[in-house]
Amino acid sequence: MTERPLAEARRVGLIGDPVAHSLSPALQQPAFDALGIAARYELWPTAALALPERVATLRAPEMLGANVTVPHKQAVLGLLDVVSEQARRAGAVNTIINRNGRLHGDNTDIAGFATALVAVCFDAKDREVLLLGAGGAARGVILALETLGVRQIAVTNRHHERARRLAAEVTPTQINVVASNEAELESALRQARLIVNATSLGWHAGETPLALSLLEYIPADALVVDLTYRDTDLLLAARARGLPTLDGLPMLIHQGARAFQLWTGQLPPLELMRDGVQQAWAARESAT
Ligand code: NDP
């Protein structure tokens, strides 16, 4: 196949601040290359004040769109022409698609989580869920679980009030806010057969959203999921107890695959995406 000249290549990239650490180029570029789509995945570090200007550049014909990450997932909503129902309910856009100069916003974290979960847990809707965290990712998890038929979720969060606000906003799912004292957590853990860490705790050794001693209360057939895409202390301790676990890497891959499909109309090669991201991750771990 003859390659198109670089001048004709389409562009897509990641808008955030910072973005240098991102695994998205390692996830997306191999998929474009494998399908013979002349497109470059770029990193677009963008300060808050520069966000409107950056988003406006996406209307150009060579732009496929963008991914959006911290801290702009909420702020971009007001800069787009169309926002999907799921992204509006999540209050966050992580994918922008340029459709003939009109910008569409979507949230592929929701489908990404649901797809990653059902691959290892076919009966999520029949499980008692305990969600740790009440931020943007936690909201996405609740919407994803809603698509799988889950109607009731226990949520615990460092700042109780934030969990209460979340509970009021994510209807129709019923949220039972669990206080973060040991007695309440013990009771919630004894019932939970799906535990999801959607806090930002876990990236560093020694960080855990839950005292690890509490894991003894979790039923033996419970699945422990962590949105962090590494072996967190929580996942290591759960596995040491013999519990099945799922880290955040499959979610990252599936949200990226859905974004790729929205930009190109084509299904990406998932295995290549997985290899790309795993290699980039291994290279980063060995460099630190
Ligand atoms: P937010 O900043 O919106 O929320 C952070 C959450 O972590 C809140 O619940 C917050 O509690 C809690 N938290 C932060 N610091 C502490 C602490 N010291 N002690 C207790 N709780 C704490 O972040 P997001 O929701 O956007 O992201 C959460 C995590 O999910 C991140 O690690 C992110 O990387 C990951 N993620 C993974 C994805 C994937 O594809 N695998 C996709 C999206 C996110 P409080 O409200 O009390 O401050």
Side-chain angles (χ1 to χ4, degrees), residues 12-17 19 22-24 27-28 31 41 44 46 51 54-55 58 63-99 102-119 124 129 131 133-150 153 155 162 165-167 169-173 175 196-200 225 227-229 248-265 267-268 270 273 277:
V12 59
L14 176 65
I15 298 172
D17 188 18
V19 288
S22 172
L23 296 174
S24 288
L27 186 70
Q28 300 289 356
Y41 193 98
W44 295 327
T46 306
L51 186 63
R54 171 72 71 191
V55 171
L58 301 176
M63 295 293 193
L64 289 174
N67 282 134
V68 184
T69 189
V70 178
H72 302 317
K73 283 185 180 183
Q74 287 82 26
V76 289
L77 259 92
L79 302 170
L80 306 173
D81 302 304
V82 182
V83 174
S84 74
E85 167 78 2
Q86 286 283 55
R88 194 187 52 70
R89 288 187 66 207
V93 160
N94 79 331
T95 302
I96 301 173
I97 310 107
N98 176 16
R99 294 196 174 123
R102 281 173 65 77
L103 299 181
H104 292 239
D106 213 327
N107 186 315
T108 68
D109 283 337
I110 298 168
F113 180 80
T115 308
L117 182 65
V118 293
V129 183
L131 176 62
R139 186 179 292 255
V141 167
I142 293 169
L143 295 180
L145 290 171
E146 182 190 309
T147 68
L148 300 180
V150 176
I153 299 176
V155 174
R162 194 175 185 189
R165 275 203 307 276
L166 183 73
E169 288 168 11
V170 294
T171 52
T173 301
I175 303 294
V196 182
N197 175 30
T199 75
S200 32
V225 181
L227 264 49
T228 317
Y229 32 89
L249 201 59
M251 172 181 176
L252 180 77
I253 292 165
H254 287 295
Q255 65 74 28
R258 177 80 189 122
F260 184 96
Q261 200 183 348
L262 289 168
W263 295 322
T264 66
L267 286 172
L270 277 178
M273 289 184 127
V277 88

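Keep in mind it's a predicted model, so treat the numbers as computed, not measured. Residue indices begin at 1 and follow the sequence shown.
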Query raised in the report: How many angstroms lie between CG in L27 and CG in L252, if you round to the nearest 0.5 Å?
Result: 5.5 Å
Requested in this report: Return the minimal non-hydrogen interatomic distance between G91 and Q74, and the atom names on each side.
Outcome: O-CG, 3.2 Å
Query - Inter-residue atom distance L103.CG - N98.CG, 0.5 Å rounding - result: 5.5 Å
Query raised in the report: With side chains defined as the heavy atoms from C-beta onward, is the minimum distance between R258 and Q261 less than 4.5 Å?
Result: yes
Query raised in the report: Counting distance only, does the side-chain N/O of N67 pair as donor-acceptor with the main-chain N or O of L14 below 3.5 Å?
Result: no
Report summary line: For S84 and D106 the tightest heavy-atom approach is OG-OD1, 3.0 Å
Query - Gap separating the CD1 atom of I97 from the CG atom of D81, nearest 0.5 angstrom - result: 11.5 Å
Query - Main-chain N/O of L262 paired with H104 side-chain donor or acceptor, under 3.5 Å - result: no
Query raised in the report: Pick one: which of T173, N107, I110 meets side chain to side chain contact (heavy atoms under 4.5 Å, CB included) with L143?
Result: I110
**Report entry** Between CZ on residue R54 and OG1 on residue T46, distance to nearest 0.5 Å
**Finding:** 4.0 Å
Query - I96 backbone acceptor or donor facing W263 side chain under 3.5 Å - result: yes
Report task. Locate the shortest heavy-atom distance separating A134 from R162; write the atom from each residue and the value. Result -> O-NE, 3.6 Å
Requested in this report: Please assess V225 against F113 for the test side chain to side chain contact (heavy atoms under 4.5 Å, CB included), listing each intermediate value before the final yes or no.
Outcome: CA-CA 10 Å; V225 181; F113 180 80; 4.0 Å; yes
Report task. Indicate yes or no: at least one non-hydrogen side-chain atom of Q86 is less than 4.5 angstrom from one of T147. Result -> yes
Query raised in the report: Would a 4.5 Å heavy-atom cut-off, applied to side chains only, mark L58 and I15 as touching?
Result: yes
Query - Check: G140 main-chain N/O paired with D109 side-chain donor or acceptor under 3.5 Å - result: no
Report task. Work out which heavy atom in P268 is nearest to a heavy atom in F260; give both atom names and the distance. Result -> CB-CD2, 3.4 Å
Query - E169 side-chain N/O to L166 backbone N/O, donor-acceptor pair under 3.5 Å - result: no
Query raised in the report: Rounded to the nearest 0.5 Å, how far apart are CG of L227 and OG of S200?
Result: 10.5 Å
Requested in this report: Write down the atom of G16, the atom of H72, and the distance for their closest heavy-atom approach.
Outcome: CA-CD2, 3.8 Å
**Report entry** Main-chain N/O of G256 paired to Q28 side chain as donor or acceptor, under 3.5 Å
**Finding:** yes
Query raised in the report: Do N94 and T108 have side-chain atoms, one donor and one acceptor, less than 3.5 Å apart?
Result: yes
Report task. Flag the pair L145 / L117 as yes when at least one side-chain heavy-atom distance between them is below 4.5 Å, and no otherwise. Result -> yes
Report task. Grab the two heavy atoms, one from L51 and one from A75, that are nearest each other, plus how far apart they are. Result -> CD2-CB, 3.8 Å
Query raised in the report: What is the distance from atom OH of Y41 to atom CG of L64, rounded to the nearest 0.5 Å?
Result: 11.0 Å
